[in-house]
A.B. asks: 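Below is the structure I would like to discuss, written out as structure tokens.
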Amino acid sequence: MTFSGRFLNVKEPTGGPNPQVPVSAGGDRELPGPARKTASRGRGLEAGPGRRSQSNRPGSGHGACAAPCPASDRTARVTESSVSVTNSVAARSRSGVRRAKAPLSASSSVRVSSARALGSAFSSVLAARAVGVRAVAWLLLWEAAGFTSTPATAFSAAPTDTGIRAICSEIILRQEVLKDGFHRDLLIKVKFGESIEDLQTCRLLIKQYIPAGLFVDPYELASLRERNITEAVMVSENFNIEAPNYLSEESEVLIYARQDSQCIDCFQAFLPVHYRYHRPHSKDGETFIVVNNPDLLMYCDQEFPILKCWAQSKVAAPCALKNKDICQWNNMKYKSVYKNVTLQVPVGLTIHTSLVCSVTLLITVLCSTLILVAVFKYGHFSL
Amino acid sequence: MASPKHWGEWFLGLRVTPAGVFGVAFLARVALVFYGVFQDRTLLVRYTDVDYQVFTDAARFVTQGRSPYLRATYRYTPLLGWLLTPNVYLCELFGKFLFISCDLLTAFFLYRLLLLKGLGRRRACGYCVFWLLNPLPMAVSSRGNADSLVAALVLATLYLLATRQVACAAVSYGLAVHMKIYPVTYILPVALHLLPERGGGPGPAQPRRSFRASVFEFLKRLCSHAVLVFVAVAGLTFFALSLGFYRIYGWEFLEHTYLYHLTRRDIRHNFSPYFYMLYLTAESAWSFSLGIAAFLPQFLLLSAVSFAYYRDLVFCCFLHTSIFVTFNKVCTSQYFLWYLCLLPLVMPLVRIPWKRGVGLLMLWFIGQALWLAPAYVLEFQGKNTFLFIWLASLFFLLINCSILIQIISYYKQEPLAERIKYD
């Protein structure tokens, strides 16, 4: 579905799509797939970023938005997600949001209806003249480009308009596990919906609970701190690195998140974890470790009203890695992409026990007998 | 069939002096140490072993006057932490240079022992090359593992015994057992080696004695001067060290230095053939009896080998350690160094045709590779390859045993030289 395509279909007196807008492929269809949307959008909006200044009028664009505001910020984000903008920054945030789409898919109908509303609003203008069609089409395209490619600036353009900010945007947290095998990397990405200018002075701390099936090597963390790769520290004492799962306990790790250079509103944290050995299983050769969502803590030097959206309680934790001072961090509520992360661990199969024991003992006894025979045969026994 | 040229004779053809070979070996190790520094700084995968970091951290605690056991996974004698305090005061590379020097000291003892056996300088040097220019001990020492310390102490013990300095040998032996427990198995062959000749010597056939009388006579011989001195001094050294450290560090010292190694049940994957069996039965009622069942072959074999080969102490110790490592419940690649350091001494007497020798060596490497492949898949790709690891470890056991049998069968004892009188 293209914004302009829809509007062209409905209003076009000349028939056929506007040749200047090469969206004919997608223009006739209702809601084609995301890829097509992306492609057609991309081509149509090549000139988009350049015309941003023209379209970013706080007038009609935002005025049209004012009514279905909550839907429209979703719209903005969703349509933003369907725009292939060459800017990799937007691409990164978009991909993060697209994955979070599962709960937001219901908004597609909202998107269609709001777009239709906009389309019909303009149709009355268009019906007047055939010549004006193209001009207005271009104007609308530029506005759409400006509107969709910079949602952040669009919002920041009206900071004082508290009527728009009726509802807080959400923090989206995503946990990923990289690598394979017994040594994995836990990557936690946090994305704020709000503009980060307010939040530049804030720090984010992630309190991750490590289940008994995993362990974190504090010495490895120390070496990563030295190399400035990640800032993480273990909270619990008395851990045994070599113990199996059933003899170990849960532990806690504090990770000081860093700004993600590739994404404007994002923080990320990285933690290497290792599997412990688990009990052998009777049926499958695998068992599961569940990593729950962490606590997200934020501390700002000043009090921002936006924090009230998310802060649910206060937690005491060290202000910074090398600092011994304790600050009162705000425990933030967030929306998580996945309910939790499940890791598969290979374990031994107890159905093999009798076979393994008998064969092992047999072969070791056989080998030792052979060696004994050789010793008696070639050795020189005397006292 | 033309007899294959023995390695020693081939080496004679080369014009190298022992000093030259030692020099090259030293330079190669130093180069590896500096390469390690470079790799640690640039690549993500470090060259230095984790153990070296453990030693350095423990040494740091010692410099602060605290217990080295505050460092998790430090399971060694406090002596090592004390020895490595210059790591903290001077330079972090001090420990590695210490281990390299112990490597060379080991080679020096090998050389002297070979000379004592009657080999020429060039031939002796030729055999030492198997330790000096062998990449495995080079890599192990330059990465910061402390195994060369124990190897040097064991070789020192053997050398001092060969030169009839029983008391000094006993001190060195006590120290070696304090640092790593495995030399304790040598006590039986050493004691047998130090026995005086049977009264009466080779002569007319002895009158038939009852079993009890023979045992009694054996025990009497066991209480000879040399044996008593050795056992007493070694025991005294060991207990003095243990008591001293116990007074300083308490129960932690005993737990980490000795008990951990004796009762260690490492169920994580390793070369041992018993690994999977112990992992599956870790919590079952059979666990203890299976542990005993795994210990019996080791015990029987070690006793038999002691009584068969005690006259040639070096060969006996080599067999002891090989059997110990092969049949142990835990086996990692570091353990191979324990008997590798004795291999150059054994080689002159084990006349395996070199083609067969190379074939056995290749087979040994293939056995390791066959184990490393499923272990890698398990650890770095997370697939369940436990059965394959188990089968590979059994195959590796079979290969090790066949190598041992070949060595035993090709061992040509020296013409029964007169027993060195120790009294």
Side-chain angles (χ1 to χ4, degrees), chain A residues 179-184 217-220 222-223 227 229 238-242 244 246 275-277 279-281 284-286 343-361 363-383, chain B residues 46 50 53-54 57 72-73 192 195 198 214 218 221 266-268 273-274 276-277 279-284 286 290 293-294 296-298 300-301 304-305 307-309 311 319 323 326-327 377-387 390 394 397-398 400-402 404-405 408-409 411 413 416:
Chain A
K179 294 210 263 192
D180 274 321
F182 275 49
H183 311 285
R184 317 285 299 258
D217 187 352
Y219 302 102
E220 185 184 10
S223 123
R227 293 196 197 176
I229 295 176
N238 290 343
F239 51 89
N240 186 342
I241 286 183
E242 297 160 340
Y246 44 90
Y275 288 3
R276 291 193 193 273
Y277 253 64
R279 265 198 190 100
H281 221 262
D284 316 313
E286 318 241 306
L343 300 169
Q344 268 189 325
V345 185
V347 289
L349 283 160
T350 48
I351 47 176
H352 293 157
T353 308
S354 44
L355 172 75
V356 166
C357 288
S358 48
V359 171
T360 307
L361 287 174
I363 295 201
T364 44
V365 165
L366 175 74
C367 287
S368 42
T369 314
L370 286 174
I371 297 183
L372 261 178
V373 162
V375 167
F376 276 101
K377 186 168 160 195
Y378 297 101
H380 186 86
F381 279 91
S382 70
L383 266 177
Chain B
R46 295 179 60 122
V50 169
Q53 198 56 45
V54 174
D57 290 342
T73 73
L192 289 174
L195 285 180
R198 194 179 263 187
S214 314
F218 175 68
R221 282 170 69 206
D266 201 349
I267 55 170
R268 290 174 301 170
Y274 297 110
Y276 198 27
M277 180 178 91
Y279 171 42
L280 288 175
T281 57
E283 291 185 292
S284 86
W286 291 98
L290 283 173
L296 277 178
Q298 255 180 330
L300 278 172
L301 280 174
V305 162
F307 280 100
Y309 292 108
R311 284 164 202 277
L319 280 184
I323 290 170
T326 306
F327 286 89
V377 169
L378 174 73
E379 194 167 339
F380 294 101
Q381 291 180 7
K383 300 207 173 51
N384 192 330
T385 50
F386 282 108
L387 263 184
W390 170 64
L394 284 180
L397 172 71
L398 286 167
N400 277 328
C401 288
S402 64
L404 274 173
I405 293 174
I408 291 173
S409 62
Y411 171 69
Q413 203 177 13
L416 212 52

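The chains referred to below are lettered A, B, ... by the order of the sequence lines, with proteins before strands, and numbering in each begins at 1.
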A.B. asks: Decide yes or no for A/Pro244 and A/Arg276: does some side-chain heavy atom of the first lie under 4.5 Å from some side-chain heavy atom of the second?
C.D. replies: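 No; the side chains remain at least 4.5 Å from each other.
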A.B. asks: Is it the backbone or the side chain of B/Ser409 that comes under 4.5 Å from a heavy atom of chain A, or both, or neither?
C.D. replies: both
A.B. asks: Suppose we screen for salt bridge (Lys or Arg N to Asp or Glu O under 4.0 Å). Which residues come up paired with A/Glu286, at least two apart in sequence or across chains?
C.D. replies: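 Residues passing salt bridge (Lys or Arg N to Asp or Glu O under 4.0 Å) with A/Glu286: none at all.
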A.B. asks: Walk me through whether A/Tyr219 and B/Val50 qualify under side-chain contact (heavy atoms from CB on, under 4.5 Å).
C.D. replies: CA-CA 10 Å; A/Tyr219 302 102; B/Val50 169; over 6 Å; no
A.B. asks: Between A/His183, A/Glu220, A/Gln344, which shows the greatest number of heavy-atom pairs under 4.5 Å with chain B?
C.D. replies: A/His183
A.B. asks: Can you tell which part of B/Glu283 gets under 4.5 Å to a heavy atom of chain A, answering side chain, backbone, both or neither?
C.D. replies: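 Contact with chain A is through the side chain of B/Glu283 alone.
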A.B. asks: For A/Ile229, is it the side chain, the backbone, both, or neither that has a heavy atom closer than 4.5 Å to a heavy atom of chain B?
C.D. replies: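 The side chain, not the backbone.
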A.B. asks: Could you give me the CA-CA distance, side-chain angles and deciding distance for B/Leu397 and B/Cys401, then say whether side-chain contact (heavy atoms from CB on, under 4.5 Å) is met?
C.D. replies: CA-CA 6 Å; B/Leu397 172 71; B/Cys401 288; 4.1 Å; yes
A.B. asks: Apply ring pair (Phe, Tyr, Trp, His ring centres under 6.0 Å) to A/Tyr275 and list each qualifying residue two or more places apart in sequence or on a separate chain.
C.D. replies: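 Applying ring pair (Phe, Tyr, Trp, His ring centres under 6.0 Å) to A/Tyr275 gives A/Phe182.
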A.B. asks: Which one of A/Val373, A/Thr364, A/Leu372 has the most heavy-atom pairs closer than 4.5 Å to chain B?
C.D. replies: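 Most pairs with chain B among the choices: A/Thr364.
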A.B. asks: Consider side chain to side chain contact (heavy atoms under 4.5 Å, CB included). Of A/Val359, A/Leu361, A/Thr360, which one does A/Ile363 pass it with?
C.D. replies: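 Testing each of A/Val359, A/Leu361, A/Thr360 against A/Ile363, the sole residue satisfying side chain to side chain contact (heavy atoms under 4.5 Å, CB included) is A/Val359.
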A.B. asks: Counting only heavy atoms closer than 4.5 Å, note whether B/Phe327 contacts chain A via side chain, backbone, both or neither.
C.D. replies: side chain
A.B. asks: Using the six-membered ring wherever Trp is involved, compare the ring planes of B/Phe386 and B/Tyr279 and label them parallel, tilted or perpendicular (cut-offs 30° and 60°).
C.D. replies: tilted
A.B. asks: Can you say whether A/Val345 sits under 4.5 Å from chain B via the side chain, the backbone, both, or neither, judging by heavy atoms?
C.D. replies: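 When you check distances to chain B, no heavy atom of A/Val345 falls under 4.5 Å.
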A.B. asks: In terms of heavy-atom pairs under 4.5 Å, which option from A/Leu355, A/Leu370, A/Asp180, A/Val375 contacts chain B the most?
C.D. replies: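 Option with the top pair count is A/Asp180.
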A.B. asks: If I measure from the heavy atoms of chain A, does B/Leu404 come under 4.5 Å with its side chain, its backbone, both, or neither?
C.D. replies: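 The side chain, not the backbone.
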A.B. asks: So does A/Gly348 get a backbone contact from the side chain of B/Asn384, meaning a donor-acceptor N/O pair under 3.5 Å?
C.D. replies: no
A.B. asks: With a 4.5 angstrom heavy-atom cut-off, which part of B/Leu319 approaches chain A: side chain, backbone, both or neither?
C.D. replies: neither
A.B. asks: Need one label for B/Asn400: side chain, backbone, both or neither, based on atoms under 4.5 Å from any heavy atom in chain A.
C.D. replies: neither
A.B. asks: Using heavy-atom distances under 4.5 Å, tell me whether A/Arg184 contacts chain B through its side chain, its backbone, both, or neither.
C.D. replies: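 Nothing of A/Arg184, per the 4.5 Å heavy-atom cut-off to chain B.
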